[in-house]
Protein chains: 2
Amino acid sequence: MFSKACEYGIKAAIYIAANSNEGKRVSLKGIAKHIDSPEAFTAKILQILARENIVTSVRGINGGFEIESHKLETIFLSDIVKAIDGDNIYKGCGIGLKDCNELHPCPIHDDFKKVRNSLRKLLETTHLKQLALNVHSGTSFLRV
Amino acid sequence: MFSKACEYGIKAAIYIAANSNEGKRVSLKGIAKHIDSPEAFTAKILQILARENIVTSVRGINGGFEIESHKLETIFLSDIVKAIDGDNIYKGCGIGLKDCNELHPCPIHDDFKKVRNSLRKLLETTHLKQLALNVHSGTSFLRV
DNA sequence: TTTAAACAGGATAAATTTATCCGAAATAAA
DNA sequence: TTTATTTCGGATAAATTTATCCTGTTTAAA
Ligand code: FES
Ligand code: FES
């Protein structure tokens, strides 16, 4: 469904959000450990999220990553997915036609569009705060 | 969503089905042309589908690929996807936890599961005949 | 000012996916 | 039997994704 990079990106963002919600900044090392991802590769992904103004990075001692608390409810999963994988997954044709076109539909268009739209809705309406709270309370998990 | 190989596989199967439904056998060359896919790569994918008894291949002059007509309504998209991409897409965790587990859910589990199940239902209830008929009647398309 | 911690980013490597090439085997028709 | 057609399958190559390494820059604390 999502690329590995995107999976790591989503998990990292949720982990950072869960900590930022408590005023804690987290390091790359801590992130990689808690989401069980390769450190250097995760760094690349966090660079993307930083460039897209989804996370804020701070260099130097006591540096790390954080998300400004007022953003926690305005960053949606779709923002992260779009930054890393693009929006083809919830906008493109299921079997690879150049574009998904009502007037020139592929054979699975009608049914696929419904699924794709429900994915789109999920991504576009789920923000980081809800996910972070569940992780913090121990209701959901980021690894294993 | 699906791999390129899987997209080609789905399109090829639908094209073969549309022709088999009329008693016509089609060649690799014809398939690749009509679904707009690389010929040699498509051959590999058709070999997989042949090994999985989804399509029947016939070598030699006037050879090609066909699907036994009694199978047209019992081969589902899920069979094709499973043969090529495996079933992780409609069974696995959305952000890559080892397995999707109710008792140890990831943060997007509850919402994602719904989407994933609707994809699963789509794949498991859509058989080749319905798709083939729409292509044949010009209601849907396999290329461009 | 020095030092250590931490991210940035370029270069490179490994793994996987996508794609091509070619000789072998099968088959029907000439 | 010969020939032309067509799939099979192994080898290889190209492209993309995933992952690692290493040097540089920033920053706070000692
Ligand atoms: S045209 Fe294929 S999903 Fe819309
Ligand atoms: S645990 Fe992630 S989708 Fe179920």
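Lettering of chains follows the sequences in order, A, B, ..., and the numbering in each one begins at 1. None of these values were measured; they are calculated from a predicted model.
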- Query: How close or far is atom P of C:dA8 from atom CZ of A:R51, stated in whole angstroms?
  - Reply: 9 Å
- Query: Short question: side chain of B:N134, backbone of B:L131 - any donor-acceptor pair under 3.5 Å?
  - Reply: no
- Atom-pair distance (CD on A:E39; P on D:dA19), nearest Å: 14 Å
- Query: Of the nucleotides D:dC8, C:dT18, C:dT20, which one has an atom closest to the side chain of B:P38?
  - Reply: C:dT20
- Item | Rounded interatomic separation in angstrom, taking CG from A:N88 and P from D:dT17 | 12 Å
- B:K114 and side chain to side chain contact (heavy atoms under 4.5 Å, CB included): which partner among B:D111, B:N117, B:D110? B:D111
- Message: For the backbone of B:F76 and the side chain of B:D79, can you confirm whether one donor and one acceptor N or O come within less than 3.5 Å of each other?
- Response: yes
- Note on the structure: In whole angstroms, the gap separating P of C:dT17 from CE of B:M1 amounts to 18 Å
- Item | Distance in angstrom units between A:Q47 CD and C:dA11 P, rounded | 14 Å
- Item | Contact list for DNA chain D against residues 5-19 of chain A - heavy-atom distance below 4.0 Å | A:A5, A:Y8
- Item | Salt bridge B:E102-B:K113, side-chain N to carboxylate O under 4.0 Å | yes
- Message: What is the distance, to the nearest angstrom, from the CG atom on A:L28 to the C1' atom on C:dA8?
- Response: 11 Å
- Query: Should B:Y15 and B:L133 be counted in the same cluster of Ile, Leu, Val, Met, Phe, Trp and Tyr side chains packed under 4.5 Å apart?
  - Reply: no
- Message: If you compare every side-chain N and O of B:S27 against the phosphate oxygens of D:dT5 (OP1, OP2), does one of them come in below 4.0 Å?
- Response: no
- Report yes if a side-chain nitrogen or oxygen of A:S57 is closer than 4.0 Å to either non-bridging phosphate oxygen (OP1 or OP2) of C:dA8; otherwise report no. yes
- Query: Are more than 12 heavy atoms from other residues, nucleotides or ligands located less than 6.0 Å from atom NZ of B:K29?
  - Reply: no
- Message: When you measure from the side chain of A:R120 to the backbone of A:D87, do you find a donor-acceptor pair of N or O atoms at a distance under 3.5 Å?
- Response: no
- Where the side chain of B:F41 is defined as all heavy atoms beyond and including C-beta, which of C:dA8, C:dT18, D:dC8 is the nearest nucleotide? C:dT18
- Task: Round to the nearest Å and state the distance from B:I48 atom CD1 to C:dT17 atom P.
- Result: 11 Å
- Within the distance-only criterion (no hydrogens, no angle test), does the side chain of A:Q130 pair as donor or acceptor with the backbone N or O of A:H127 below 3.5 angstrom? yes
- Whole-Å distance separating the CZ atom of B:F2 from the C1' atom of C:dT17: 17 Å
- Counting only N and O atoms by type, is there a donor-acceptor contact under 3.5 Å from the side chain of A:K71 to the main-chain atoms of A:N53? yes
- Determine, for nucleotides 21-30 of chain C in 5'-to-3' order, which nucleotides have protein heavy atoms under 4.0 Å from the base (write B), from only the sugar-phosphate (write S), or from neither (write -). ----SBBBS-
